[in-house]
Amino acid sequence: MQTVETLNEGLKRAYTLTITAADIDAKVDAEVKRVAPTVKMPGFRPGKVPANLIRKMHGEALSQDALNSSIQDGIQTLIAEQKLRPATAPQVSLEGDYAPGKDAAVTVSLEVLPDVPAPAIDDIKLERLTVPADEAVVDQQLEQLASNNKRHNDAEEGHEAATGDLVVMDFVGKVDGVAFDGGTGEGMAIEIGSGRLIPGFEDQLVGVKKGDEKTINVTFPDDYQAENLKGKAATFDLKITDVKVPAEGGPDDEFAKSLGLESLEQLRGLIKGQVEQELNGLTRTHMKRKLLDQLAAGHDFDVPPSMVEAEFDQIWAQLQHEAGHEADPEAARAELEAERDDYRQIAVRRVRLGLLLSEIGQKNGIEVSQQEMQRLIMQAAQQYGPEDRQRFIQYVQQEPMAAAQLRAPLYEDKVVDFLFGKAEITDREVTREELEAAIESEEGAVPHVHGPDCNHDHEHDHAKPVKKAAKAKPAAEASAEGEAATDAEAPKKKAPAKKAPAKKAEAAPAETADAAADAAEGEAAPAPAKKPRAKKKVETEASEG
């Protein structure tokens with residue numbers, strides 16, 4: 001094989017490979033010998049068909065396979081001989097009108113990873129802002145949990161329902177006297193005054209008693225989610241099967257037991273642990289950003305344009321999607337267009353940080369063990385039903401990119417923890433509000449690194465203030481929600497749509513690190529497949545890492 005370099009400009013490379021007809025023909029001969037024992041032909045014993053007849057029967061397919069194999073071998077040889085570290089998969093094209101028996105001229109174009117300067121990690125100084133999980137916060141969340149999961153006792157015989165009471169009913173909804181789909185249910189429990197149902201419904205429950213049958217009149221809102229019911233007048237035939245009154249007292253042992261726990265003390269411990277975990281996450285987010293700021297400020301080198309373009313395209317697609325959910329989509333998109341260059345710079349920073357973090361991880365022997373990887377796979381498999389779980393596990397085991405996506409967040413955490421261990425850290429106690437304000441005042445998010453065999457998405461980088469992190473619910477609250485699960489078909493009030501932020505988005509350059517690792521082993525790294533997030537979201541999510 002002859003190799004001629006035709007382009008060497010920045011990180012771009014191009015070569016012409018000439019694969020001789022003799023090399024291709026040798027591969028055809030080898031393939032003929034390999035398949036000969038299995039070829040059957042009338043008049044010949046199995047395995048005794050002459051090679052020239054096999055060539056005549058399968059020559060075209062064998063030649064094509066031999067050419068493809070020769071090209072792949074040629075690319076791997078090129079990468080090894082030129083000591084290339086591909087940033088993305090090489091682009092390959094066959095020149096001219098190739099025909100069997102002729103030499104094949106192949107053009108190979110690719111971008112290579114830059115030589116990343118040894119990251120300066122010995123003089124990192126960080127401030128760790130900590131927030132104590134004081135008892136007042138725990139008490140507040142405990143009271144909120146109790147308020148959201150009110151207990152009710154059976155009402156006295158003949159009790160007339162009032163605001164705050166729980167009414168259990170069977171119902172049949174009708175429009176123009178005809179029952180409509182989804183308007184029938186049994187055992188729906190609703191607290192009068194909760195505002196969960198369409199306007200006017202709960203008000204007409206005041207005064208009902210257990211055993212009553214009643215027809216109420218309502219009008220569905222113009223913005224109701226079901227098109228066939230928007231603005232329609234309807235009736236609901238109700239049968240009241242039970243009325244319950246609120247139980248007295250706040251959170252106590254009985255309340256904790258109603259949530260499946262042993263005591264109020266155990267519930268307090270769970271809530272405090274969750275508060276501490278949430279605050280630690282915010283602390284880590286702040287430190288992570290400061291760490292990445294220092295890395296970014298101390299390193300400036302060219303990055304592969306194709307990786308930047310892929311990163312930008314993912315960020316831009318996500319932003320366009322979110323702009324479509326704004327109150328004024330066109331205005332949101334116009335705002336994005338005005339900031340397009342800013343988002344491209346975010347993509348550049350993400351890619352550069354990903355390469356830096358990957359370099360740090362590789363130089364310091366950071367890796368995700370097989371045992372850790374198996375745990376990640378099993379955790380991810382839990383989101384699938386039993387029948388699909390094994391199929392998912394096999395898919396991840398067979399697809400390197402899928403495995404890399406699972407491995408990426410853990411690998412990044414390990415690199416970040418390593419850097420935290422090297423840093424000089426000073427602690428300062430602040431309030432939660434001060435910590436959140438510090439996070440919001442910073443611009444950007446945080447990058448993500450994937451292990452030495454990745455190509456995906458991370459969340460670091462800075463550009464605009466973060467949305468205040470939402471407070472997580474206590475674990476017990478999630479399990480206690482939905483006292484009346486049967487009301488799924490009930491005339492619920494339409495939930496207000498969340499306004500999607502159309503602010504600058506930054507995801508993490510994790511895939512960059514993966515590509516670097518792939519290239520380090522002499523393999524062409526596939527183009528990154530990432531899931532970018534809008535910048536504000538990314539920054540909040542990064543706080544959980």
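What you see is a predicted model; the values in this text were computed from it and never measured. In this chain, numbering begins with 1 at the start of the sequence shown.
Note that the CZ atom of F236 and the CZ atom of F171 stand 7.0 Å from one another [nearest 0.5 Å]. For the atom pair CG (L267) and NZ (K257), the distance works out to 13.0 Å, reported to the nearest 0.5 Å. Atoms CD and CD1, from Q144 and I271 in turn, are 10.5 Å apart once rounded to the nearest 0.5 Å. Considering OG1 of T77 and CD1 of I79, their distance stands at 9.5 Å, rounded to 0.5 Å. A distance of 9.5 Å separates CZ of R128 from CG of N280, quoted to the nearest 0.5 Å. Between R340 atom CZ and L336 atom CG the span is 9.0 Å, to the nearest 0.5 Å.
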### Message
Set out, in order, the CA-CA distance, both residues' side-chain angles and the distance that settles side chain to side chain contact (heavy atoms under 4.5 Å, CB included) for N68 and Q72, then state yes or no.
### Response
CA-CA 6 Å; N68 291 339; Q72 292 302 317; 5.6 Å; no
Assess the residue pair R268 and L142 against the criterion (side chain to side chain contact (heavy atoms under 4.5 Å, CB included)); give the C-alpha distance rounded to whole Å, side-chain angles, the decisive distance to 0.1 Å, and a yes or no. CA-CA 7 Å; R268 286 184 62 85; L142 186 57; 3.8 Å; yes
- request: Kindly indicate, with the supporting measurements, whether the criterion salt bridge (charged side-chain N to carboxylate O under 4.0 Å, His left out) is fulfilled by E278 and R432.
  value: CA-CA 10 Å; E278 184 184 356; R432 179 184 180 121; 2.6 Å; yes
### Message
Test side chain to side chain contact (heavy atoms under 4.5 Å, CB included) on K239 and V172; report intermediate values, then the result.
### Response
CA-CA 9 Å; K239 181 178 180 180; V172 178; over 6 Å; no
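Taking all atoms of both residues into account, the shortest heavy-atom contact from A402 to V396 is CB-CA, 4.3 Å. Smallest separation of non-hydrogen atoms from L357 and L295: CD2-CD1, 3.9 Å. Smallest separation of non-hydrogen atoms from L129 and L435: CB-CD1, 3.9 Å. Taking each heavy atom of V275 and A133 in turn, the nearest pair found is CG1-CB, 3.8 Å. Heavy-atom minimum distance, L291 versus F420: CD2-CE2, 3.9 Å. Between E359 and P119, the shortest heavy-atom contact is CG-CD, 3.9 Å.
Checked against salt bridge (Lys or Arg N to Asp or Glu O under 4.0 Å), E276 has no partners two or more places apart in sequence or in another chain. In this view, R389 satisfies the salt bridge (Lys or Arg N to Asp or Glu O under 4.0 Å) rule with no residue, not counting sequence neighbours. For the salt bridge (Lys or Arg N to Asp or Glu O under 4.0 Å) test, no residue two or more places apart in sequence or in another chain qualifies with D170. In this view, E111 satisfies the salt bridge (Lys or Arg N to Asp or Glu O under 4.0 Å) rule with no residue, not counting sequence neighbours.
Counting only heavy atoms from C-beta outward, the side chains of L126 and Q294 approach each other to under 4.5 Å. Proximity of R333 to Q320: side-chain heavy atoms (C-beta onward) are separated by under 4.5 Å at one or more points. The shortest side-chain heavy-atom distance between L67 and K27 does not fall under the 4.5 Å cut-off. Taking 4.5 Å as the limit, some side-chain heavy atom of L353 sits within range of a side-chain heavy atom of R349. Counting only heavy atoms from C-beta outward, the side chains of F418 and I121 approach each other to under 4.5 Å. Side-chain contact between F220 and K230 is absent, with no heavy atoms from C-beta onward closer than 4.5 Å. The closest side-chain heavy-atom distance from I190 to L166 is not below 4.5 Å. Residues M188 and V168 fail the side-chain proximity criterion, which asks for heavy atoms closer than 4.5 Å.
R284 and D413 are joined by a salt bridge, as a carboxylate oxygen and a charged side-chain nitrogen come within less than 4.0 angstrom of each other. Contact check on D417 versus K288 returns no salt bridge, with no Lys/Arg side-chain nitrogen under 4.0 Å from an Asp/Glu carboxylate oxygen. With respect to the salt-bridge test (charged N to carboxylate O, under 4.0 angstrom), the residues R344 and E309 qualify. We find that K272 and D139 are not joined by a salt bridge, their nearest charged nitrogen and carboxylate oxygen being 4.0 Å or further apart.
A 6.0 Å sphere centred on CD of E135 holds more than 12 heavy atoms belonging to other residues, nucleotides or ligands. The environment of CD in E265 is sparse: at most 12 heavy-atom neighbours from other residues, nucleotides or ligands sit within 6.0 Å.
Remark: side-chain polar atoms of S358 are not paired, donor with acceptor, to backbone N or O of G354 under 3.5 angstrom. Judged purely by atom type and a 3.5 angstrom limit, H325 uses its side chain to pair as donor or acceptor with the backbone of H321. Of the possible donor and acceptor atoms, none in the side chain of E186 sits under 3.5 Å from a partner among the backbone N and O of M169. Under a 3.5 Å cut-off, the side chain of R85 and the backbone N or O of P114 do form a donor-acceptor pair. Between the S69 side chain and the D65 main chain, no donor and acceptor come within less than 3.5 Å of each other.
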Give the table of side-chain donor-acceptor pairs shorter than 3.5 Å for residues 370-383, with sequence neighbours excluded, one pair per line with atom names and distance.
residue, atom, partner, partner atom, Å
E372, OE1, S369, N, 2.9
E372, OE1, S369, OG, 3.3
E372, OE1, K414, NZ, 2.7
E372, OE2, K414, NZ, 2.9
Q382, NE2, M378, O, 3.2
Q383, NE2, A380, O, 3.0

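Looking only at atom types and distance, the side chain of E322 has a donor-acceptor partner in the side chain of Q318 under 3.5 Å away. Defined by atom type and a distance below 3.5 Å, a donor-acceptor pair is missing between the side-chain atoms of E254 and S258.
Aromatic pair F312/Y343: centroids not less than 6.0 angstrom apart.
Checked against V415 for a side chain to side chain contact (heavy atoms under 4.5 Å, CB included), the options I360, L356, L410 give a single hit: I360.
The side-chain hydrogen bond (donor to acceptor under 3.5 Å, both in side chains) pairs that include a residue from residues 390-404 are D388-R391, where partners are two or more places apart or lie in different chains.
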